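Keep in mind the model is a prediction, meaning the values are calculated, not measured. Below, chains carry the letters A, B, ... as their sequence lines are ordered, and counting in each starts from 1.
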Number of protein chains: 2
Amino acid sequence: MPKSLLHPDSDAIQLEQVLHALGDPVRLSIVRQLAAGDGEMTCGCCSVPVSKSTKTHHFRVLREAGVIRVRLEGTSAMISLRRESLDARFPGLLDAVLSAG
Amino acid sequence: MPKSLLHPDSDAIQLEQVLHALGDPVRLSIVRQLAAGDGEMTCGCCSVPVSKSTKTHHFRVLREAGVIRVRLEGTSAMISLRRESLDARFPGLLDAVLSAG
DNA sequence: TTGATTGTTCGATGACAATCGAACAATTGA
DNA sequence: TCAATTGTTCGATTGTCATCGAACAATCAA
């Protein structure tokens with residue numbers, strides 16, 4: 001369904017890009033919802049106050065930054081946090097972000 | 001010299017605003033230079049490839065986000081990292097950002 | 001007092017980013 | 001096969017942000 005589904009290698013994840021990706025209220029909310037549930041969730045399952053197409057946009061930004069992984073299954077897009085990648089590349093960063101009130 | 005020099009209380013520092021502030025190459029560079037030296041540095045001492053006025057802009061963004069403190073001394077602006085505030089509010093965040101290669 | 005230094009403010013500009021709706025594509029169930 | 005579901009793509013719009021130069025303000029040294 002998507003034209004291409006590129007995920008950066010763990011090694012290639014850029015701090016600046018990650019911070020930029022997380023510095024948006026909609027995307028931060030998405031990441032928190034992913035962290036709250038465990039494992040994957042579908043794109044549609046994620047509740048944010050924007051249109052379908054805008055949601056697609058935000059998922060792409062997060063994916064290209066290396067924050068989430070997107071896997072296609074039928075007509076659904078399964079989303080998950082790239083915890084291991086982020087923890088390996090920027091130890092403590094994700095924890096700090098998620099544990100912030 | 002400045003119209004107002006508002007710093008948010010530690011308690012009022014917003015994660016999203018901090019992440020947004022750090023998600024810019026010029027500002028991330030400023031923060032790293034501040035962390036490298038210890039204590040304060042003057043505005044002009046900070047080396048970034050932008051004009052004076054743009055530098056002022058970035059210092060304001062960082063200050064309003066609660067990332068840096070600005071103190072006036074003569075004609076100089078003394079800049080410092082708000083380490084304690086950030087560590088108290090978002091434990092581990094600054095360390096994670098600074099220790100990232 | 002004059003000039004140099006240091007930084008801020010203002011207004012304009014250009015680039016990028018968030019947003020939407022409409023049209024499309026792919027899968028799945030009836 | 002048909003319709004429903006799920007998400008993507010496209011084009012347009014809107015708004016925000018980084019950037020600059022010029023003018024200004026404040027301090028300090030000579």
Side-chain angles (χ1 to χ4, degrees), chain A residues 1-7 14 16-34 37 39-80, chain B residues 1-7 14 16-34 37 39-80:
Chain A
M1 195 180 301
K3 194 156 278 181
S4 60
L5 222 47
L6 298 178
H7 295 78
Q14 304 290 329
E16 184 194 311
Q17 210 176 343
V18 171
L19 294 173
H20 175 260
L22 297 178
D24 173 275
V26 172
R27 290 192 291 261
L28 192 51
S29 167
I30 291 173
V31 168
R32 283 185 164 137
Q33 290 179 46
L34 283 171
E40 300 176 312
M41 76 190 303
T42 66
C43 170
C45 199
C46 196
S47 139
V48 287
V50 293
S51 69
K52 271 195 308 178
S53 49
T54 301
K55 213 189 266 194
T56 295
H57 162 69
H58 286 302
F59 281 124
R60 188 184 43 195
V61 172
L62 287 169
R63 173 174 51 76
E64 291 177 345
V67 176
I68 65 173
R69 176 176 293 104
V70 181
R71 187 175 61 84
L72 301 180
E73 180 159 331
T75 62
S76 293
M78 306 301 295
I79 314 293
S80 56
Chain B
M1 196 178 303
K3 195 157 276 181
S4 60
L5 222 47
L6 298 178
H7 295 78
Q14 304 290 329
E16 182 195 311
Q17 209 176 343
V18 171
L19 294 173
H20 174 259
L22 296 178
D24 173 274
V26 172
R27 289 191 292 260
L28 193 51
S29 167
I30 290 173
V31 168
R32 283 184 164 138
Q33 290 178 46
L34 283 171
E40 301 176 311
M41 76 190 303
T42 66
C43 171
C45 198
C46 196
S47 138
V48 287
V50 294
S51 70
K52 271 195 311 179
S53 50
T54 301
K55 211 189 266 193
T56 294
H57 162 69
H58 286 303
F59 282 124
R60 186 182 45 195
V61 171
L62 287 168
R63 173 174 50 78
E64 290 177 348
V67 177
I68 66 173
R69 176 176 294 105
V70 181
R71 186 176 64 81
L72 300 179
E73 181 160 329
T75 62
S76 293
M78 306 300 297
I79 314 294
S80 57

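Considering only residues two or more places apart in sequence or on other chains, A:Arg60 meets the salt bridge (charged side-chain N to carboxylate O under 4.0 Å, His left out) condition with none of them. Legend: residues meeting side-chain hydrogen bond (donor to acceptor under 3.5 Å, both in side chains) with A:His58, ordered by chain and number and at least two apart, are A:Arg27. With sequence neighbours left out, A:Gln33 forms a side-chain hydrogen bond (donor to acceptor under 3.5 Å, both in side chains) with A:Ser29. Legend: residues meeting side chain to side chain contact (heavy atoms under 4.5 Å, CB included) with B:Ser51, ordered by chain and number and at least two apart, are B:Ser53, B:Thr54. For B:Glu16, the salt bridge (charged side-chain N to carboxylate O under 4.0 Å, His left out) test picks out no residue, with sequence neighbours left out.
For the pair A:Arg60 CZ and D:dG7 C1', the interatomic distance rounds to 13 Å; values are reported in whole Å. At whole-Å resolution of the value, CE in B:Met78 and C1' in C:dT8 are 17 Å apart. To the nearest angstrom, C1' of D:dT19 lies 16 Å from CZ of B:Phe59. The distance between atom CD of B:Glu64 and atom C1' of C:dT8, rounded to the nearest whole Å, is 14 Å. In this structure, the CD atom of A:Glu16 is 13 Å from the P atom of C:dC16, given to the nearest Å. Between the CZ atom of A:Arg71 and the C1' atom of D:dT8 there is a distance of 18 Å, given to the nearest Å. Across the protein-nucleic acid pair, A:His57 atom NE2 and D:dG15 atom C1' stand 13 Å apart, rounded to whole Å. B:Leu5 places its CG atom 9 Å from the P atom of C:dT9, with the value rounded to the nearest Å.
Taking 4.5 Å as the limit, some side-chain heavy atom of A:Met78 sits within range of a side-chain heavy atom of A:Thr42.
Rotation axes derived from the C1' atoms of the five outermost pairs at either end of the helix from C:dT1-D:dA30 to C:dA30-D:dT1 lie 20° apart, to the nearest 10°.
Shown for residues 17-27 of chain A: no residue has heavy atoms falling under 4.0 angstrom of DNA chain D.
Within the 4.0 Å cut-off from OP1 or OP2 of C:dT8, at least one side-chain nitrogen or oxygen of B:Thr56 is found.
Looking at every heavy atom in both residues, A:Leu19 comes nearest to B:Gly23 through CB-CA, 3.8 Å. Listed here is the closest heavy atom pair of A:Val61 and A:Ala21: CG1-CB, 4.2 Å. The two residues A:Val70 and A:Leu5 make their nearest non-hydrogen contact at O-CD2, 3.7 Å.
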Each nucleotide N or O in nucleotides 20-22 of chain C that has a protein N or O under 3.5 Å away: list the pair and distance.
{"unit_1": "C:dC20", "atom_1": "OP2", "unit_2": "A:Ser51", "atom_2": "N", "d": "2.7"}
{"unit_1": "C:dC20", "atom_1": "OP2", "unit_2": "A:Ser51", "atom_2": "OG", "d": "3.2"}
{"unit_1": "C:dC20", "atom_1": "OP2", "unit_2": "A:Thr54", "atom_2": "OG1", "d": "3.0"}
{"unit_1": "C:dG21", "atom_1": "N7", "unit_2": "A:Ser53", "atom_2": "OG", "d": "3.3"}
{"unit_1": "C:dG21", "atom_1": "O6", "unit_2": "A:Ser53", "atom_2": "OG", "d": "2.8"}

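Exactly one of B:Leu34, B:Val18, B:Ile30 qualifies for a side chain to side chain contact (heavy atoms under 4.5 Å, CB included) with B:Leu62. That residue is B:Ile30.
Among residues at least two apart or in separate chains, salt bridge (Lys or Arg N to Asp or Glu O under 4.0 Å) pairs with a member in residues 61-76 of chain A are A:Glu40-A:Arg71, A:Arg71-A:Glu73.
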